[in-house]
Amino acid sequence: MRNQKRRWLKALALAGLVVCSAGCGKRAAETEARGETVHLVWYQIGTVQKDGKIVEKQVNDYISEKIGVTVEIIPVNWNDYNAKMRSVISTGAPWDMAFASSWANDYLEIAQKGILLELDELLKVYGKDLLSDIDSRFWTAATINGKIYGVPSQKEISNMPMWVFTKEYVDKYQIPYEDLHTLEDLEPWLSLIKEKEPDVVPLYLISEFTAPTYMDKITDPVGIEYGDGTLTVKNVFETSRMMETLNTMHRYYKAGYINSDAAVARDDRNVKRFVTKGDGQPFAESTWSMTLGYDVVASPIMENQVTNASARGALTVISKDCENPQKAVAFLNLVNTDMYLRNLLNYGIEDVHYRKVPVTEEELKAASGKRYIYGYKVHVLEDSGYSVPYYVQGGLYNTWVLDTDPVDKWDTFVTYNENSQEAPTFGFDFDGSSVSGQLFNFRIILDEYGPALYTGSVDPEVYVPMLNRKLYEYGMQDVIDEMQRQIDSWKQSS
């Protein structure tokens, strides 16, 4: 193993093996030859942590010895991340690595704009472990026009919208939450909570809420309905399933099941609620319970669907202007394969931010033969000063699980991913450059109508026709026709 590490470190020094461009290859080789430590700037989404710099120092003490790299981690708050990355990119501010996804710092968009470094050849030399360890479908989603531009964080691969129930009320009224999946399934229990618990919001929604959508919205609000083998492009607001959902939402709103300020509300954890909607994964309940400060249970809303958007839930990208791309890829390889580094980034410093909890012999024995089983769990210390979103920095399978989770949690994730069904559109990317003006206007229109419609605050029989008139006025048919043309071409070549 030691000789293998030496050979790997020696390979890192051979900067000429992979050349991203003549300029960056030359600079990287010169830096390597001088024996200098390479400094990388890494933008991440998430709340600034009180002890973030303390953890960063310990990370740098380790990786500078290990691979001659230090990192400067720049966290940007959730609501500010998109605007910040647009500013960083447009102004030419220095950055080497950044979080990207289908929902923040749009991976497809920035890749198509030529902002990111092509990683295919670099990965073959400096990221072999990444290529072999990460589910191939994540790499499929990371591939755009035949090139890989980001390293996926291996986690849940499919969409898993869930109803999230406050356990106190589930237990009190013996509610069979595991049998509740569709929006309509909730109705008798929303009615019960409204009657029995006047201080509780039966269905708590906020302005970012999106009603259950049985479609791969390739570019909102246009896409392909799940299970449609004909790949017929549709406007989601012209599907019968969405109209049924919106009418049900409005009926619930009028019945008083939904908070009256839903269309403008921001999440307020002090609001007592019976059920809300979350984007989950296996054992999400334990994470949500820890975040909320009270126990919740959950049930899936629909069958899992693997889409490009879901498989692009978290990636780390490298700037095309990165002066040391070999080191950046080697660092990401280490993040995703070195357990000490991965857990340091994820949980912070042992006995300062968390405490190791040995797994019992009984639990280890019961999990014998399963994948990613470790001898420790993590107990996060209260108000420790360090708590980051676990998927932003790397994959999950080299982290210890929380002490509230089963030791075989990651094995369950692997099985979940293996059993997740690929949507008919998986692997298709829409090039919206010829209809970019229309898509820009769609975002404005959806910001105007979406929150009120999705939360049931207005009558869809009145407002959906108004919305659709605006969408068509600003080019809906152009977008449908262009997407259908591209889908048909993609289908023929697949």
Side-chain angles (χ1 to χ4, degrees), residues 1 55 59 62 129-130 132-135 137-138 152-158 160 162 164-165 167 170-171 177-178 278-300 304 313-314 333-382 384 386-420:
M1 177 64 72
V55 175
V59 167
Y62 183 70
D129 296 325
L130 297 170
S132 61
D133 291 351
I134 295 175
D135 187 323
R137 290 176 296 173
F138 284 108
S153 293
Q154 185 154 244
K155 58 186 193 72
E156 74 281 0
I157 198 169
S158 60
M160 195 177 186
M162 306 182 82
V164 185
F165 302 89
K167 190 171 184 294
V170 168
D171 292 345
Y177 74 94
E178 292 175 310
D279 294 316
Q281 68 279 134
F283 307 111
E285 298 96 319
S286 63
T287 304
W288 285 328
S289 296
M290 185 173 63
T291 301
L292 291 167
Y294 54 84
D295 289 339
V296 300
V297 292
S299 65
N304 311 324
N333 191 80
L334 194 67
V335 167
N336 285 279
T337 58
D338 186 298
M339 283 206 65
Y340 171 77
L341 176 60
R342 185 68 193 93
N343 283 283
L344 176 60
L345 284 164
N346 199 61
Y347 294 119
I349 300 167
E350 185 179 359
D351 295 327
V352 176
H353 304 113
Y354 73 93
R355 185 176 69 248
K356 279 185 185 176
V357 179
V359 179
T360 65
E361 288 297 325
E362 291 80 8
E363 193 173 3
L364 284 174
K365 184 177 180 181
S368 176
K370 295 187 176 181
R371 297 155 289 193
Y372 306 106
I373 305 299
Y374 305 116
Y376 293 97
K377 294 184 180 183
V378 164
H379 176 75
V380 176
L381 301 179
E382 190 174 353
S384 71
Y386 188 81
S387 177
V388 299
Y390 56 93
Y391 52 83
V392 166
Q393 298 163 324
L396 308 185
Y397 300 165
N398 280 331
T399 64
W400 300 306
V401 300
L402 295 172
D403 56 351
T404 52
D405 288 328
V407 73
D408 63 347
K409 177 177 181 176
W410 302 138
D411 181 84
T412 303
F413 265 63
V414 176
T415 301
Y416 166 84
N417 284 350
E418 290 172 346
N419 293 336
S420 292

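All heavy atoms count here, side chains included; hydrogens, waters and symmetry mates do not.
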Check your understanding: Got a donor-acceptor contact below 3.5 angstrom from the Asn398 side chain to the Asn336 backbone?
Key -> yes
Exercise for review: Using a cut-off of 6.0 Å, state whether more than 12 heavy atoms not belonging to Lys167 lie near its atom NZ.
Suggested key: no
Check your understanding: Heavy-atom distance under 4.5 Å between the side chains of Leu402 and Tyr347, does that happen here?
Key -> yes
Practice item. Any chance you could measure Thr412, atom OG1, to Glu156, atom CD, to the nearest 0.5 Å? Key: 13.0 Å
Study note, to complete from the structure: dist Tyr354:OH -> Asp403:CG (nearest 0.5 Å) comes out at 13.0 Å
Review point. If you round to the nearest 0.5 Å, how far is OG1 of Thr360 from NZ of Lys365?
Key: 11.5 Å
Point to revise | Test item: Glu363 side-chain N/O and Val407 main-chain N/O as donor-acceptor pair under 3.5 Å | key: yes
**Study point:** Side-chain heavy-atom pair Leu341, Val335 within 4.5 angstrom cut-off
**Key:** yes
Check your understanding: Heavy-atom distance under 4.5 Å between the side chains of Tyr374 and Val359, does that happen here?
Key -> no
Exercise for review: Would you give the length of the straight line joining atom OG1 of Thr404 to atom NZ of Lys409, rounded to the nearest 0.5 angstrom?
Suggested key: 7.0 Å
Point to revise | Donor-acceptor under 3.5 Å (Asn346 side chain, Arg342 main chain) | key: no
Check your understanding: Distance from Glu285 atom CD to Ser299 atom OG, nearest 0.5 Å?
Key -> 9.0 Å
**Study point:** Exam field: side chain Trp400 to backbone Asn343, donor-acceptor pair closer than 3.5 Å
**Key:** no
Practice item. Using atom types as modelled and distance alone, determine if a side-chain donor or acceptor of Ser153 lies under 3.5 Å from a backbone N or O of Tyr391. Key: yes
Exercise for review: Indicate the ring-plane relationship of Tyr386 and His353, choosing parallel, tilted or perpendicular according to the 30° and 60° boundaries.
Suggested key: tilted
**Study point:** Where Met162 and Ala298 come nearest, the two heavy atoms and their spacing
**Key:** CE-CB, 3.6 Å
**Study point:** Backbone N/O of Leu334 and side chain of Asp338: donor-acceptor pair under 3.5 Å
**Key:** no
Check your understanding: Closest heavy-atom contact between Gln154 and Asp133?
Key -> NE2-O, 3.3 Å
Review point. If you look at every heavy atom in Gln281 and Asp279, which pair is closest and at what distance?
Key: NE2-O, 4.4 Å
**Study point:** Glu361 atom CD, neighbour heavy-atom count above 12 within 6.0 Å
**Key:** no
Review point. Where does the angle between the aromatic ring planes of Tyr397 and Tyr372 fall among parallel (under 30°), tilted (30 to 60°) and perpendicular (over 60°)?
Key: tilted
Review point. Passes side chain to side chain contact (heavy atoms under 4.5 Å, CB included), Val380 versus Val378? Steps please.
Key: CA-CA 6 Å; Val380 176; Val378 164; 4.0 Å; yes
**Study point:** Main-chain N/O of Ile373 paired with Asp408 side-chain donor or acceptor, under 3.5 Å
**Key:** no
Point to revise | Verdict with reasoning, Ser158 to Tyr416, per side chain to side chain donor-acceptor pair (under 3.5 Å) | key: CA-CA 9 Å; Ser158 60; Tyr416 166 84; 2.6 Å; yes
Review point. Between Gly278 and Val164, what is the shortest heavy-atom contact and its length?
Key: N-CG2, 3.9 Å
Review point. Within 45 degrees of the axis of the six-membered ring of Tyr376 and under 6.0 Å from its centre: does Lys356 put its NZ or CZ there?
Key: yes
Check your understanding: Short question: side chain of Gln393, backbone of Val388 - any donor-acceptor pair under 3.5 Å?
Key -> no
Review point. Is a side-chain donor or acceptor of Asn417 paired with a backbone partner of Ile157 at a separation under 3.5 angstrom?
Key: yes
Exercise for review: Begin from the C-alpha positions of Arg371 and Thr415 and carry the test side chain to side chain contact (heavy atoms under 4.5 Å, CB included) through to its verdict.
Suggested key: CA-CA 10 Å; Arg371 297 155 289 193; Thr415 301; 3.1 Å; yes
Point to revise | Any donor-acceptor pair under 3.5 Å from Thr399 side chain to Leu396 backbone | key: yes
Study note, to complete from the structure: Nearest heavy-atom contact between Asp405 and Lys377 is O-NZ, 2.6 Å
Revision key, fill the gap. Rounded to the nearest 0.5 Å, the CH2 atom of Trp288 sits from the CG atom of Asp295 at a distance of 14.0 Å
